[in-house]
Amino acid sequence: MSEQVSNMFDTILVLDFGSQYSHLITRRLREFNVYAEMLPCTQKISELGWKPTGVILSGGPYSVYEEGAPHVDKAIFDLNVPILGICYGLQELAWIDGKHVGRGEKREYGPSTLNVLDKESPLFKGIDQSTVWMSHGDKLHGLPKDYVTVATSDNSPYCGIAHKSLPVYGIQFHPEVTHSTQGKTLLKNFAIDICGAKQNWTMENFVDTEIQRIRKLVGPTAEVIGAVSGGVDSTVASKLMTEAIGDRFHAILVDNGVLRLNEAENVKKTLVDGLGINLTVVDASDEFLDKLKGVTDPEKKRKIIGNTFIHVFEREAAKIKPKDGKEIEFLLQGTLYPDVIESISFKGPSQTIKTHHNVGGLLDDMKLKLIEPLRELFKDEVRHLGELLGIPHDLVWRHPFPGPGIAIRVLGEVTREQVEIARKADHIYITEIRKAGLYNKISQAFAALLPVKSVGVMGDQRTYEQVIALRAIETTDFMTADWYPFEHDFLKRVALRIVNEVDGVARVTYDITSKPPATVEWE
Ligand SMILES: Nc1ncnc2c1ncn2[C@@H]1O[C@H](COP(=O)(O)OP(=O)(O)OP(=O)(O)O)[C@@H](O)[C@H]1O
Ligand SMILES: O=c1[nH]c(=O)c2[nH+]cn([C@@H]3O[C@H](COP(=O)(O)O)[C@@H](O)[C@H]3O)c2[nH]1
Ligand SMILES: NC(=O)CC[C@H](N)C(=O)O
Ligand SMILES: [Mg+2]
């Protein structure tokens, strides 16, 4: 899939050396409609399968002179396309041609002033003295062979360098962060003027080319299945698939008994009636809740739900008999670019904090070929795509909802009764958030039901019931998050409604922990 998109649009290849900012390079380029793709720094150019329009080497936490430090495939120089090294990338260029890199006397983090020496340099066109963001401890001690200095900064005499005859550049600062005030101009200069990349990466173009691509890939008769949740990603992927192949696409929604209030019905209404998606809703709630009986360990809950999910999905898939008399050939997945990025680090995927349920487990058994139309997109691009495809605004901007659902929001044993309490409280909470006009300001909000009892007094009677914890967070990437600062009156209103309207709850608390150290979900 990734090969195909890169062949259809001029593509800047970003080779990732592990900087925390690497994905921002891709983002910035896409913001001015130049398509870019990030791959690990160890990518072999001969195995790329497409020709980049230009190459950017990212920053990274290593030192080029260290043993075991990552190094780029020298074949990038045989591509005869422009190259830009950023921070570690600059140091890598200098290391390759003369090894002039070492520890600096002073580390440099934060703002610095850029001083452009070569006013004719195409990389610095329209850029003069400006603030640039630094984050390095190593520095160049001399120029690599055949390079000249084009810019300096207070602490970096080789802040910008350029090859004398080739379009190869290196810069010590990070143009991809917004703190580098003219960083975007520099990236534009590189991608558009120096590489000559066309600015044709628009969602409208993507929709057209992607629909054509899916049709070609699937052929005139083959059929496709996909799991949909009513969440943003699977809905957008399903709508795209429906546009491409109509009801040869079979969507399956599994009601696992831990969905939100009236969710299965609502999703059915929106997807079938509203969007024309060929959807089957399978009620497997008894099966899930039976298997969850007596289980309190969060990881066990996640695994049970993940496994049961696969089981139910496979069973339903086997019932589908394609019209061409063959078997189902493809499985649609709503994988997004951040999922891909997280697993491409050359040191392997990051440590497992919690097992996110996923449908990847289907792969081996089912021998289905994967279709992942959103694989190159960031979440906000997926939302934009959803709007273009005519998916209602409310659905496109929905808060994410985890696959294991309310089961990981009912702490302790999951029973129908406990799910019902959590569901009702959640519904009231979200309704109030919407009423207050706060839904789109918050990234995710939900109610969790705690397995502790607390004493209360209602109508002169002693009560002894459970506790609801409200959570609301703001985040851009869900990797880090902060709690949302509600007005006190709002919290007062929600607490009152929940205790009054939901049997079994005597107390409400608000969770004021950020991530880290907490996670978004309670389990
Ligand atoms: N109840 C369900 N029935 C069928 N498939 C499901 C269900 N819950 C989750 N899935 C599948 O698991 C995938 C991953 O879930 P995830 O929550 O990451 O994405 P999403 O639900 O599509 O979007 P969002 O992030 O907005 O919730 C979904 O895309 C969908 O394919
Ligand atoms: O599809 C999913 N399957 C899961 O198993 C899962 N666990 C957490 N989440 C969602 O991921 C984001 C980060 O959550 P955590 O900080 O709790 O890990 C939040 O948006 C969580 O809701 C999941 N989504
Ligand atoms: N941000 C970076 O790329 C840092 C590169 C290298 N690790 C240094 O400290 O200089
Ligand atoms: Mg979801």
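Everything quoted here is computed from the prediction, not taken from an experiment. Counting starts at 1 for both ligands and their atoms, following the listed order. Starting from 1, each residue takes its place in the sequence as its number.
- With a 4.0 Å cut-off on non-hydrogen atoms, R383 does not touch ligand 1 at all.
- The backbone of I252, and not its side chain, has at least one atom closer than 4.0 Å to an atom of ligand 1 (non-hydrogen atoms only; backbone = N, CA, C, O).
- When the options R398, K268, K269, R423 are evaluated for a salt bridge (charged side-chain N to carboxylate O under 4.0 Å, His left out) with E263, the one that passes is R398.
- Numbered from 1 in the order shown, with element, the atoms of ligand 1 that lie under 4.0 Å from a heavy atom of K379 read 24 (P), 25 (O), 26 (O).
- Geometrically, ligand 1 and T235 share no nitrogen or oxygen pair separated by less than 3.5 Å.
- Looking at F309 against ligand 1, only its side chain comes within 4.0 Å, counting heavy atoms.
- Checking only distances, R302 does come within under 3.5 Å of ligand 2, N or O to N or O.
- Between G403 and ligand 2, at least one N/O pair is under 3.5 Å apart.
- Any N or O atom pair closer than 3.5 Å counts here, and V520 shares at least one such pair with ligand 2.
- The neighbour count for H179 NE2, taken as heavy atoms of other residues, nucleotides or ligands under 6.0 Å away, does not exceed 12.
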May I have a table of the N/O to N/O pairs between ligand 3 and the protein that fall below 3.5 Å, each row giving the two atom names and the distance to 0.1 Å?
from	atom 1	to	atom 2	distance (Å)
ligand 3	1 (N)	S135	O	2.8
ligand 3	1 (N)	H174	NE2	3.3
ligand 3	3 (O)	G60	N	2.8
ligand 3	3 (O)	G60	O	3.2
ligand 3	3 (O)	Y88	N	3.0
ligand 3	7 (N)	G60	O	3.1
ligand 3	7 (N)	Y62	O	2.5
ligand 3	9 (O)	G137	N	2.9
ligand 3	10 (O)	Q91	NE2	3.1
ligand 3	10 (O)	G137	N	3.1
ligand 3	10 (O)	D138	N	2.9

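- If you look at P404 next to ligand 2, the close heavy atoms, those under 4.0 Å, all belong to the side chain.
- Taking 4.5 Å as the limit, some side-chain heavy atom of L57 sits within range of a side-chain heavy atom of V72.
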